[in-house]
Protein chains: 2
Amino acid sequence: MQAADRGGRMPDRVVNRLRWYLTALDSFAADGFESVSSWQLAERVGIGAALIRKDLSRFGEFGTPSYGYKIEFLRERIQGILCLDTPRKVAWVGSCAFRHNAAAIGRLAEHNCKLAAVFDTDANEIGAEVGGFRVLSADSIRDTLAGAGISAAVLAVGGSPAHEIARVLVDMGARAILNLSGEFLVLPEHVKVASVDLAGELLELCYYCQH
Amino acid sequence: MQAADRGGRMPDRVVNRLRWYLTALDSFAADGFESVSSWQLAERVGIGAALIRKDLSRFGEFGTPSYGYKIEFLRERIQGILCLDTPRKVAWVGSCAFRHNAAAIGRLAEHNCKLAAVFDTDANEIGAEVGGFRVLSADSIRDTLAGAGISAAVLAVGGSPAHEIARVLVDMGARAILNLSGEFLVLPEHVKVASVDLAGELLELCYYCQH
DNA sequence: AGGTGTGAAACGCTTCACAGCG
DNA sequence: CGCTGTGAAGCGTTTCACACCT
């Protein structure tokens, strides 16, 4: 058996796939399954079965020959590897996106991610009540989050303020930012940024319409 | 000089980067630049300069030694490669996401992507007016899109109807789908699916909060 | 039989280094 | 001199094939 590689940095690709595995396992569990084979998992995620086995074997031996992987057990292990077993606080900037993604936010709660507060730059939104939160002014991020100990943030306001807000979020402790603003963010080395650009995504797809 | 690889399939990675280059070029142009070096482009996109030169040289010689790349020319060439030079029709399912992403939709229009229609499954939304479109029932997708000749679609309604709607969209001609539903879609081989799962994206980021 | 864990091979992608051009 | 275009080297990832377990 191979030693679990706690400590050593994991390739981004592997981290990315682990969360797909987690989602797939959630869905298998919801369907009433108790175990899955690497092949079943592979089919649902859309990659090769050998790759899944190799990914999982990085951390120890999670499966049983001739049986497969026990879903509950594997789910907990992956949660642990992704550091989803300890509670975590997330700040959300952009109340519209917050309102429209209630389902996603529900799934976060199931994995120990609690929201710290919701902010917005739009004066019309400030003071509104969304999903149990009162929307605060983006100007108050520093004051509100002082001592809150956030570890990540969602940045979902467009335009030029986005960049400044991102820097404030980093100051307040965010080590990872999900950037939906469409802006390109320049931030310190130690902060991980994941950018989702809807327009870009769709432009990219246009290529495949003819190939 | 290397022959442009029209016809031969391009690696997904390259397609993905080309749209980043396009976005970066748009932004350089907006800042008043007329030309850029591979190094400047690399800095803005966040990758190595050599990789950019190699990507671009796949399609011919676009740059001039000691000068760099002419922005307008390069923009047009990349648009051509991504098949963004001929008008294209896109269907949008999910009026909330539509309302919230006006900026992204504006950028699409600048690149020859016109919207065909906006649909929703939520009875409260049907009949509403959003961004110049009247929201139609998702049940009417077939009738509305018959003969419209869409080539791509955005699927932004959650829950189980998403899968069925995706299949209808494919029937109506969609060869690419931007899937914001959080569901895993099983579709014919020739359809390209790009899935954006906000919750998953954020869970993935949690790993980097501690590494 | 059926499915995992894993070295080794195969593959694709990125970086390096430099010739060549403006 | 500065910057592009590009073969070759280097690196990381995926697939293959099979020993081993239940």
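Sequence lines set the chain letters: A, B, ... in the order given, protein chains first and strands last, and positions in each chain run from 1. The basis for the numbers below is simple: all heavy atoms, side chains too, and nothing from hydrogens, waters or symmetry mates.
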If the test is salt bridge (Lys or Arg N to Asp or Glu O under 4.0 Å), which one of B/Arg19, B/Arg17, B/Lys192 qualifies with A/Glu204? B/Arg19
Nucleotides 10-17 of chain C: which of its N/O atoms have a protein N/O under 3.5 Å away?
unit_1: C/dC13; atom_1: O3'; unit_2: B/Arg13; atom_2: NH1; d: 3.4
unit_1: C/dT14; atom_1: OP1; unit_2: B/Arg13; atom_2: NH1; d: 3.4
unit_1: C/dT14; atom_1: OP1; unit_2: B/Arg17; atom_2: NH1; d: 3.0
unit_1: C/dT14; atom_1: OP2; unit_2: B/Arg17; atom_2: NH1; d: 2.8
unit_1: C/dT14; atom_1: OP2; unit_2: B/Arg17; atom_2: NH2; d: 3.0

Apply side-chain contact (heavy atoms from CB on, under 4.5 Å) to residues A/Phe133 and A/Trp92 and explain how you reach the verdict. CA-CA 11 Å; A/Phe133 286 85; A/Trp92 192 294; over 6 Å; no
In whole angstrom, what separates [X]'s [atom1] from [N]'s [atom2]?
X: B/Phe62; N: D/dG5; atom1: CZ; atom2: P; value: 9 Å
X: A/Leu74; N: C/dG3; atom1: CG; atom2: P; value: 16 Å
X: A/Gln40; N: C/dG2; atom1: CD; atom2: C1'; value: 12 Å
X: B/Leu56; N: D/dG5; atom1: CG; atom2: P; value: 7 Å
X: A/Phe59; N: C/dG5; atom1: CZ; atom2: C1'; value: 15 Å
X: A/Asn16; N: D/dT14; atom1: CG; atom2: C1'; value: 15 Å

Would you call A/Asp120 and A/Arg99 a salt bridge, taking side-chain N to carboxylate O under 4.0 Å as the test? no
Run through B/Ile165, B/Leu187, B/Val154 and flag the one making a side chain to side chain contact (heavy atoms under 4.5 Å, CB included) with B/Ile177. B/Leu187
Step by step, would you call B/Tyr207 with A/Asn16 a side-chain hydrogen bond (donor to acceptor under 3.5 Å, both in side chains)? CA-CA 10 Å; B/Tyr207 171 82; A/Asn16 181 256; over 6 Å; no
Would B/Arg75 and B/Glu72 satisfy salt bridge (Lys or Arg N to Asp or Glu O under 4.0 Å), going step by step from the backbone distance to the final call? CA-CA 5 Å; B/Arg75 239 164 61 106; B/Glu72 261 324 301; 3.3 Å; yes
Counting only side-chain nitrogens and oxygens, does B/Ser37 get under 4.0 Å of the OP1 or OP2 atom of D/dC3? no
For residues 64-73 of chain B, which residues have at least one heavy atom under 4.0 Å from DNA chain D? B/Thr64, B/Pro65, B/Ser66, B/Tyr67, B/Gly68, B/Tyr69
Do B/Arg44 and B/Phe28 form a cation-pi contact, if we require the NZ or CZ to be under 6.0 Å from the six-membered ring centre and within 45 degrees of the ring's axis? yes
List the residues meeting salt bridge (Lys or Arg N to Asp or Glu O under 4.0 Å) with B/Glu183, not counting sequence neighbours, and say none if there are none. none
